[in-house]
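Input: a single structure, listed below in structure tokens.
Fair warning: this is a prediction, and the values are worked out from it, not measured in the lab.
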Amino acid sequence: MSDERLDVALLGAGLARSRSHARRIIEEGRARLDGRPAVKPSTPVAAGVVLEVVDVPDGVEYASRAAHKLAGALDALALDPSALRCLDAGASTGGFTDVLLRRGAAAVIAVDIGHDQLAAHVRDDPRVEVRDGTSVRDLTPDLLGAPVDLVVADLSFISLRTVIAPLAGVVRPGGGLLVMVKPQFEVGRSALPKSGVVTDQRARAAAVRGVAEEAAAAHLRLSAVGPSTLPGQDGNREYFLHLRPHGATCTLDAEACDMIESAVRGDGPRRRRDQHTTEED
């Protein structure tokens with residue numbers, strides 16, 4: 001009898017929800033065979049080998065790979081969602097929602113244009129309000145019942161520039177947004193290489209600046225920026241922007257541009273020097 005593939009073995013052992021989930025675990029370097037890392041889904045698993053998945057937060061796998069991106073951004077930018085009423089725009093399977101819940105969010109409104117995608121342990125949490133079949137473009141405070149404290153966003157196949165205004169409109173004064181910029185969906189089809197990966201640093205910086213400029217026009221001030229701790233689709237580099245409501249129309253100032261250039265260059269997360277500036281300043 002031939003040995004099983006690692007992804008099949010993880011599923012069979014109940015360590016993964018599906019083969020795609022098993023592949024994600026393996027790609028993240030969290031699968032172990034007799035204590036040794038295994039990095040290929042096709043790795044053969046002989047009978048009697050001890051299978052293990054490490055770095056499982058709170059004993060339950062995150063709802064998606066994207067959860068690790070948000071967790072990394074919250075840590076890098078020193079943001080704490082505990083006790084906050086949050087909105088997850090583009091919730092999908094609920095990776096971002098999952099992180100917010102584990103970090104003590106009081107409530108999370110999970111919005112997605114699709115239906116029935118949330119992982120069961122996320123959907124069943126009493127703090128989660130599911131808004132399936134809802135377009136981010138249509139969001140208003142009235143639709144949500146009241147403004148929220150924090151918006152997180154992970155959107156694909158759409159430019160953040162087209163939805164930043166409605167996202168800004170549902171955040172209370174003093175709140176904030178943490179949005180993930182995916183250059184592959186910002187540069188436009190004509191500028192996107194056939195590989196689907198934006199490798200040009202200038203193009204990535206321009207993509208991030210474009211979102212930040214649209215945010216400024218929506219009365220949002222760039223507070224911090226940092227690269228995602230995990231690559232995106234096909235290896236694309238992605239970036240988190242922390243934005244805060246500002247009392248008046250603002251522009252993308254020199255410090256903001258420098259923060260973006262630094263993060264895209266690979267220097268790590270950058271925050272404004274005046275961290276205590278509020279929207280009333």
Side-chain angles (χ1 to χ4, degrees), residues 7 10-11 13-28 30-31 53-75 77 79-136 138-139 143-158 160 163 167 170-171 175-180 182 228-230 232-233 238 240:
D7 53 355
L10 287 173
L11 177 60
L15 296 173
R17 296 184 296 271
S18 63
R19 283 187 67 175
S20 61
H21 181 213
R23 287 192 293 272
R24 172 165 67 83
I25 290 171
I26 297 163
E27 290 167 0
E28 291 170 359
R30 298 189 295 115
V53 174
V54 300
D55 297 332
V56 180
D58 300 334
V60 179
E61 277 286 323
Y62 276 134
S64 74
R65 179 176 184 269
H68 296 279
K69 299 180 184 181
L70 181 62
L74 292 172
D75 291 340
L77 302 180
L79 300 176
D80 181 8
S82 62
L84 300 184
R85 183 170 183 260
C86 305
L87 168 71
D88 181 1
S92 187
T93 56
F96 278 20
T97 296
D98 201 353
V99 173
L100 296 173
L101 295 172
R102 295 182 196 227
R103 298 205 177 195
V108 182
I109 306 170
V111 171
D112 200 276
I113 195 66
H115 293 268
D116 300 323
Q117 298 183 78
L118 285 175
H121 73 277
V122 174
R123 181 179 289 274
D124 293 344
D125 192 296
R127 293 171 291 168
V128 175
E129 180 181 339
V130 181
R131 294 293 187 95
D132 284 347
T134 302
S135 171
V136 173
D138 297 332
L139 294 177
L143 182 66
L144 301 179
V148 299
D149 302 307
L150 175 66
V151 169
V152 296
D154 176 10
L155 300 170
S156 297
F157 307 106
I158 184 175
L160 270 174
V163 298
L167 291 178
V170 299
V171 179
L177 302 89
L178 185 60
V179 300
M180 186 164 64
K182 301 179 176 182
S228 172
T229 54
L230 284 176
Q233 182 180 356
E238 299 167 343
F240 280 90

Using only heavy-atom distances, determine whether the side chains of [X] and [Y] contain a donor-acceptor pair under 3.5 Å.
| X | Y | result |
| --- | --- | --- |
| K182 | S156 | yes |
| H21 | D7 | no |
| S92 | D112 | no |

Which atoms form the tightest heavy-atom contact between [X] and [Y], and what is the distance?
| X | Y | answer |
| --- | --- | --- |
| A119 | A63 | CB-CB, 3.8 Å |
| R131 | L144 | NH2-CA, 4.1 Å |
| A153 | F96 | O-CE2, 3.7 Å |
| A91 | A110 | CB-CB, 3.8 Å |
| I25 | L15 | CD1-O, 3.5 Å |
| V122 | V128 | O-CG2, 3.3 Å |

Requested in this report: Look at the side chain of R19 and the backbone N and O of L11, then say whether any donor-acceptor pair between them is shorter than 3.5 Å.
Outcome: no
Side-chain touch [X]/[Y], heavy atoms, less than 4.5 angstrom:
| X | Y | answer |
| --- | --- | --- |
| P81 | R103 | yes |
| I158 | V136 | no |
| L155 | L160 | yes |
| D154 | V179 | no |
| I113 | T134 | no |
| L178 | L74 | yes |
| V148 | L84 | no |
| D88 | V111 | no |

Do the side chains of [X] and [Y] get close enough for a salt bridge, i.e. N-O under 4.0 angstrom?
| X | Y | answer |
| --- | --- | --- |
| E61 | R30 | yes |
| R23 | E27 | no |
| D132 | R123 | yes |

Report task. Walk me through it: do D125 and T97 pass the test side chain to side chain contact (heavy atoms under 4.5 Å, CB included)? Result -> CA-CA 10 Å; D125 192 296; T97 296; over 6 Å; no
Requested in this report: Run the numbers on R65 and L230 for side chain to side chain contact (heavy atoms under 4.5 Å, CB included), then give the verdict.
Outcome: CA-CA 9 Å; R65 179 176 184 269; L230 284 176; 3.9 Å; yes
Query - Check against side chain to side chain contact (heavy atoms under 4.5 Å, CB included), V108 and E129 - result: CA-CA 6 Å; V108 182; E129 180 181 339; over 6 Å; no
Rounded to the nearest 0.5 Å, what's the gap from [atom1] on [X] to [atom2] on [Y]? Could you check?
| X | Y | atom1 | atom2 | result |
| --- | --- | --- | --- | --- |
| L87 | L177 | CG | CG | 8.5 Å |
| S64 | K69 | OG | NZ | 8.5 Å |
| R127 | I109 | CZ | CD1 | 14.0 Å |
| C86 | D149 | SG | CG | 6.5 Å |

